[in-house]
> 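Structure below; questions to follow.
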There are 2 protein chains.
Amino acid sequence: MAKKTHRIERRSDALSRERIIAAAIEILDRGGEGALTVRALAAHLATGSGAIYWHVADKNELLATATDDIIARVVSEVAGGARPREAIRAVALGVFDAIDAHPWVGAQLFREPWRPATLEIVESVGSRLKALGVPEAALFDSASALVHYILGVAGQNAANARLVAPGTDRSVFLAGVAGKWAALDPAKYPFVRQMATQLRDHDDRAQFLAGVDLILAGIATAQA
Amino acid sequence: MAKKTHRIERRSDALSRERIIAAAIEILDRGGEGALTVRALAAHLATGSGAIYWHVADKNELLATATDDIIARVVSEVAGGARPREAIRAVALGVFDAIDAHPWVGAQLFREPWRPATLEIVESVGSRLKALGVPEAALFDSASALVHYILGVAGQNAANARLVAPGTDRSVFLAGVAGKWAALDPAKYPFVRQMATQLRDHDDRAQFLAGVDLILAGIATAQA
DNA sequence: ACATGAATGGAACGCTGCTCCAATACTATG
DNA sequence: CATAGTATTGGAGCAGCGTTCCATTCATGT
C-alpha cells in the first residue's frame, strides 16, 4: 500500500489492514459468521465502507487472512522437538481447539486449498509422518487421509456451533441432538438410535483424538 | 399442503414442492451454488417468488431437502447383501461420486447433523461396522472417524468444485494447484512441495478409497 | 350461481457486498 | 512557509439478495 520510504506514523487512529482484520475477528467471535458485515465492521471502526475497501480487496480476503493468522499461530506453537506422533496429535488438537474458540475458522478452512492455513496443516502433518518413517509411496495418501479427517471434524464442529446461540453450553446442544436421535424410527435407524446415549455424554475432544489415533494405527499397519 | 380429500390433479402446469425442488437441483447442477436464487428459480418455473414460498419454507429447506434426496438415493442403492466391508466402501464411494456430480451437496452435508442425509450415512456406515464385529465400546469412535473422514473429503471436493468454472476438467484444476504448490518456498513447505508432482496426476477417487481402507485397517488393529 | 379457501405472481422491504467520488490528511517540494 | 500532489477517508448509491405481503385467479363444494 505505502509507496516507498515513509513509515512515519500517521494519525494514531489511522486505519490499517491489521486493525481491520483484528476488528473482523472480534466481530466474528462475538456474533458468529453472520454478524460480520461490511457495515458492522465500518461502524465498529467508526469509518465508512470505502475506507475498508481501500485496505482490503473484499470480504473473502478478510475471512481468509483472519483464518490464516489463527491457524499459523496454532501450528507454530507445536514444539519442534516433540516426537512426531505427539506433534501430529498436538497439531490436530490445536486445530480442534482453535475452531472451538473461533467456529467461523472451521467453515473457512474449506475454501481455497492453496491458502496458507490449509497448507500449514498439510505441511505440519505430512513432515511428521515422514519423520515417523512412513514410506514414500504411502505418504501422500496417509497425509491426505489425516488432513481430511481433521478438516471433516473441523467443518462439523463449525456447523454445530453455527446452530446454537453463541455461548450455549456444549452439553445442552449435545443433549438436544441426542434427544432427536433417540426419537428416530427404530426400524430405519437402529444404529443411530443406539448411539444416542453415547452421544449425550461423550467428550468430542477425546473422540476426535481417538480418530487421529485410529488413522495413525491404520497407517502403521499399512507399512508393516 | 392439500387439506383432505382432493388428489384430483389441478392444472397440468401446477406448482408443487417436488417440481420446485427438481428445478432447484437443475439450477444448482447447471450453475453451482451461487446460481440458485429465488428469482432465478421463479423465472425457471415461470412464476413469482410468492408462489414458491407457499410450497417451501425458505431457501435453506430447499437445499436441505434436495441434499437429503440425493444422499438417500445413494445409500439405498448399496446392495443389502454385500459384505460389510464392501458395503462401507460402496457407501463412501457413492457419497464421493454424488458430490462429484452435485458439488453443492458437499457444502450442504455439513449443516444440521440430525437431518436425514447425514443420519443416513451414519446409519449405513455404523451398522456395517457393527456387522464387521467392531466391539460395542469402539463402535461410536470408529463410526465417527469414518463419517468425519467422508464428510471431510466431501467438503473439500465441494470447495474445489466451487473454485473452477463449472465443467472444467479436473486435471486442469489439479495441475493448477500443483503448480502453486511447486512454487512454494522450499524452506517453509518442503513436504507440500514434494507432494506437488503426486498431486498433479493422482486419482482422488482412488485416494479417497485408500483413506477409507486406512481407517478400516486402524479399526481392525484396535480390536486385535 | 355463489362462496370459500388454495394457489398464484409480482411489487415492495430491508438487507447485503461493493463501487465511486468529493473531501480531507498528510508529505515532499519550491 | 506556501503549494502541489498523493494517500486515505467516509458515505451516498447501485445492483442483487431472501423474504413478506397482498390483490387476484382458479378449482371446487354447496
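Remember, it's a predicted structure, so these values are computed and weren't measured experimentally. Letters A, B, ... mirror the listed sequences (proteins, then strands); counts begin at 1.
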> Once you round to the nearest 0.5 Å, how far does NE2 of His148(A) lie from CG of Asp141(A)?
11.0 Å
> Picking from dT9(D), dG18(D), dG11(D), which would you name as closest to the side chain of Thr37(B)?
dG18(D)
> Using whole Å, what does the distance between atom P of nucleotide dT20(D) and atom CD1 of Ile52(B) come to?
13 Å
> Could you work out which one of dT19(D), dA7(C), dG17(C) sits closest to the side chain of Val38(B)?
dT19(D)
> Which listed nucleotide (dT8(C), dG18(D), dC18(C)) is nearest to the side chain of Lys59(B)?
dG18(D)
> Should Lys188(A) and Glu123(B) be marked as a side-chain contact (heavy atoms from CB on, under 4.5 Å) after you check the CA-CA gap, both sets of side-chain angles, and the distance that decides it?
CA-CA 9 Å; Lys188(A) 253 199 104 185; Glu123(B) 179 68 33; over 6 Å; no
> Without decimals, in angstroms, what is the distance between Glu61(A) CD and dC18(C) C1'?
14 Å
> If only atom types and distance count, is the side chain of Glu61(A) paired as donor or acceptor with the main-chain N or O of Ala57(A) below 3.5 Å?
yes
> Any base atoms under 4.0 Å from Leu62(A), or only sugar-phosphate, or nothing? Heavy atoms, all strands.
nothing
> Output the single nucleotide from dG17(C), dT8(C), dG18(D) whose closest atom is nearest the side chain of Trp54(B).
dT8(C)
> Which one, dT19(D), dC18(C), dT9(D), comes nearest to the side chain of Asp58(B)?
dT19(D)
> By nearest nucleotide on DNA chain C, pick out whichever of Gly34(A) and Gly50(A) is the more 5' one.
Gly34(A)
> In whole angstrom, what separates Leu15(B)'s CG from dT25(D)'s C1'?
15 Å
> What about the rings of Tyr149(A) and Tyr149(B), do their centers lie closer together than 6.0 Å?
no
> Expressed in angstrom and rounded to an integer, what is the separation of Glu33(A) atom CD from dG17(C) atom P?
12 Å
> Tell me which of Tyr53(B) and Gly48(A) sits closer to the 5' end of DNA chain D, going by the nucleotide each one is nearest to.
Gly48(A)
> Taking only side-chain nitrogens and oxygens of His55(A), does any of them come within less than 4.0 Å of OP1 or OP2 of dA7(D)?
no
> In whole Å, what is the span from the CG atom of Leu45(A) to the C1' atom of dG11(D)?
15 Å
> Show the numbers, then the answer: is there a side-chain contact (heavy atoms from CB on, under 4.5 Å) between Val192(A) and Glu120(B)?
CA-CA 9 Å; Val192(A) 174; Glu120(B) 212 89 54; over 6 Å; no
> I need the CG-P distance between Leu41(A) and dT16(C), as an integer number of Å.
12 Å
> So what does Leu36(A) hit on the nucleic acid, given a heavy-atom distance under 4.0 Å: a base, only sugar-phosphate, or nothing?
sugar-phosphate
> For the base of dG18(D), is there a side-chain donor-acceptor partner from Arg39(B) under 3.5 Å away?
yes
> Under 3.5 Å, is there any donor-acceptor pair linking the side chain of Ser49(B) to the base of dA12(C)?
no
